[in-house]
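Read the structure below first, then the notes.
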2 protein chains.
Amino acid sequence: MTRQPPKYEVRCQSCSISRLCLPVMLAEAEVEHLDSIVERSRPLRKGEQLFSANDAFEAVYAIRSGSLKSYTISEDGIEQITGFHLPGEIVGLDAINDGQHPSFAKALETASICAIPFEKLETLARQMPALQSQLFKVMSQEIREDQELMMLLNKKAADERLAAFMINLSQRFGRRGLSSSAFRLTMTRSDIGNYLGLAVETVSRLLTRFQSNELIAVQDKEISILNVEELSAMAGTRCHLSPLT
Amino acid sequence: MTRQPPKYEVRCQSCSISRLCLPVMLAEAEVEHLDSIVERSRPLRKGEQLFSANDAFEAVYAIRSGSLKSYTISEDGIEQITGFHLPGEIVGLDAINDGQHPSFAKALETASICAIPFEKLETLARQMPALQSQLFKVMSQEIREDQELMMLLNKKAADERLAAFMINLSQRFGRRGLSSSAFRLTMTRSDIGNYLGLAVETVSRLLTRFQSNELIAVQDKEISILNVEELSAMAGTRCHLSPLT
DNA sequence: CGACACCTTGACGGGCTTCAAGTCTCGTGG
DNA sequence: CCACGAGACTTGAAGCCCGTCAAGGTGTCG
C-alpha cells in the first residue's frame, strides 16, 4: 500500500512558482536532486514564527504560498521590519555568515514553506553549476534590493516612499501571475510604516490622500491601483515641488 | 633574467589583509589557486572609478589598500552612497544577478585593487568548498549589514546615526590593525551625510557638538575618539530623552 | 459582549532641512 | 611665488514635514 502524502507535499517539479525560485534554469534531473533535500512541513498559520533571532542556522526557506515578514529587534526592543516576502522568495540568507539567525521571520497569513538544509544545499551547489549560480544571483539580488531601499529611506519623502512601496508590491504580485492592479495587503498599516520608516498615522493619511487623488482605491486591506503612471512618477524622486493639494 | 614584477603585484599568500579577505580558511595550496586568477593593475588614484553603473559585470573586486565608496544615481541624478569600503572587503557583489553593475565604485584615496573574474571564481568555488562557503558568507554578511543600516536610517535620530557610524568605522579600522581610537576620514562630510540620510550641515553641527561634549576630537579629517562608552551608548537607540546640552 | 488590535483623523511641536553667508584649504596656472 | 577659484566646511536663521499625542471608530475573537 502506498501512503498518500499529505497534500502540502508538493514537489518542486510540480510547484507553480518554481520558475521564480531556486529551480529556475535547472535541468529536470537537477530539480529532482534539489527536491530530494527539501523538507516540507505543515503550513504556518498567521502569526507563527518560522525562525527567531539567535536560532541556530540550519536551513534557508523558500516560500511556496502565503507571505512572511522578516524583522530584527534591537537591544532596546524596537522592531525593525527588514522585508516582506512572497512566494518564490528565499528567506534566511542573512544567517549564513555566522550560523545564527540575526532576524525573525513570521507568517503574515497561512503560508507553506520549504526548508532547504543549507549544508546539503552547498554540497549540491558544488555539483550543479546552475544551482550555485542561482544562489549567488538570489543573494546578489537581495543586496541590490536593500540598496534601493536605502535610497528610498534616505532620499525620499513620505508619499514617495509609500508610492514606491505600492508599485513594488504591484510588480511582485504581477510576476506571480496575480493581478498587479488589485491585491490584498497582508501586512498591517503599522508594518508598512515600520518598514518605510514612517509613523502609522502618516501611512494612514497618505492612503487617504492617494485615494482622494484617485491614484488608488482602498477598501480596508484591499488595494486597487487606478493610476499606475502617476503613482510610478511619484515613486521616482521628486525635485522638491510644493506638495499637491 | 627574471623580470622584477612591479611592486603592486603582491600575491595573496603575502597579502597583509588576506585573513579578512576571501583566502580566510583556505589551505595554502588553495590560496595559490585563488591567487592565480586574481588580476592586479596599477593603483586607482583618488576620484578614479573602479566601475560605473551599467558597466558589464566581469569581476568582483577585493580592496588591498585604500578606501572606496560605492553609490547609485537615480534617474533624476540624485547620488546615494551605499557603502564605504576598506581593505579586505569585496565590492561588486550587487552586480552578479543581472550581469551589469547597478552602482558606481570610486576611490576615496589612492587604492590598490584585486580584480577577481567572477566566472573563474565560480568555477574555483565548485572545486574548493571553503571558498564557496566564504563567498556565501561574505554576501550574507553584506545582506545583514544592509539590514542594520536600515534600522539605523529608519529608527534613529541624527546624532545616533553619526555615533553609530563613527563606532562602526572605529571597529573596522581596529580589525585591520590600525588604531580604533584615532583615524582619518577619507570621505567628505557631504559623503557621510549622503550615506546617513542627513544634510551636510547636520553632520557638521553634530561633529562640533560631539567635540564640545568631549566624545571625540576633530581636526579636519582626523578623528580621535575620546569616550567610546558614551559614543557607543548613543549609537544604541535612545528612548527619547531630552537632548544633551 | 467586552477586550483588544487595527485604523483614522485632528492638533501641535520639534528636529531636521533649506537657505544664506562667510571662512578655509588646496590645486592650478599665470 | 602668489593670485584665484572651486570645493569643503562651518555657523546662523527660518520654516516645514512628519512624529507624537489624543480621541474615537471599526472589526474580530474568545
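First the proteins, then the strands, lettered A, B, ... as listed; each starts at 1.
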Members of residues 181-198 of chain B that approach DNA chain C, where some heavy atom sits under 4.0 Å away: B:G197, B:L198
Below 3.5 Å between N/O atoms, which protein atoms pair up with nucleotides 4-6 of chain D? Just atom names and distances, please.
none

Any donor-acceptor N/O pair, B:N154 side chain to A:G197 backbone, under 3.5 Å: yes
Separation of D:dG19 P from A:D159 CG (nearest whole Å): 12 Å
Kindly give the atom pairs (protein nitrogen or oxygen, nucleotide nitrogen or oxygen) under 3.5 Å for nucleotides 19-28 of chain C.
| residue | atom | partner | partner atom | Å |
| --- | --- | --- | --- | --- |
| C:dC19 | N4 | B:E201 | OE2 | 3.0 |

B:M151 backbone acceptor or donor facing B:K156 side chain under 3.5 Å: no
Touch class at under 4.0 angstrom, heavy-atom based, for B:A158 against every strand present: sugar-phosphate
Whole-Å distance separating the NZ atom of A:K156 from the C1' atom of C:dT17: 18 Å
Nucleotide C:dC16, atom P - distance to NZ of A:K155 in whole Å: 16 Å
For A:R189, all residues meeting salt bridge (Lys or Arg N to Asp or Glu O under 4.0 Å), sequence neighbours excluded: none
A:R40 side chain to A:A115 backbone, donor-acceptor under 3.5 Å: no
Divergence of helical axes at both termini of the helix from C:dC1-D:dG30 to C:dG30-D:dC1 - five pairs an end, 10° steps: 40°
Aromatic plane relationship, A:F57 with A:H101 - under 30° parallel, 30 to 60° tilted, over 60° perpendicular: perpendicular
Donor-acceptor pair, side chain of A:R176 and main chain of A:P87, under 3.5 angstrom: yes
Minimum side-chain heavy-atom gap A:F84-A:L169 below 4.5 Å: no
Value in whole Å for how far the P atom of D:dA8 lies from NZ of B:K46: 8 Å
NZ/NE/NH1/NH2 to OD/OE distance under 4.0 Å, A:K69 and A:E79: yes
Pairwise side-chain contact, B:I225 with B:S170, heavy-atom cut-off 4.5 Å (strictly under): yes
Exam field: side chain B:S140 to backbone A:N97, donor-acceptor pair closer than 3.5 Å: yes
Validation row, ring centre B:Y195 to ring centre B:Y71 under 6.0 Å: no
Whole-Å gap separating C1' (C:dT8) and CG (A:L206): 13 Å
B:R144 and A:D98 ion-paired at < 4.0 Å: yes
Only pairs under 3.5 Å count here: list side-chain donor-acceptor contacts from residues 102-110 of chain A, not counting sequence neighbours, and write none if there are none.
| residue | atom | partner | partner atom | Å |
| --- | --- | --- | --- | --- |
| A:S103 | OG | A:D94 | OD2 | 2.8 |
| A:E109 | OE2 | A:S67 | N | 3.2 |
| A:E109 | OE2 | A:S67 | OG | 2.7 |

Nearest-Å distance for atom pair CD/P, residues B:E160 and C:dC16: 9 Å
Under 4.0 angstrom between B:K221 side-chain N/O and D:dC9 OP1 or OP2: yes
d(CD, A:Q211; P, C:dC7) in whole Å: 15 Å
Phosphate-side-chain proximity, B:T202 and C:dG15, N/O vs OP1/OP2 below 4.0 Å: no
Derivation and outcome, salt bridge (charged side-chain N to carboxylate O under 4.0 Å, His left out), residues B:R42 and B:E48: CA-CA 12 Å; B:R42 67 162 182 77; B:E48 283 186 311; 3.0 Å; yes
Whole angstrom value for the distance that separates P of C:dG15 from CG of B:L162: 17 Å
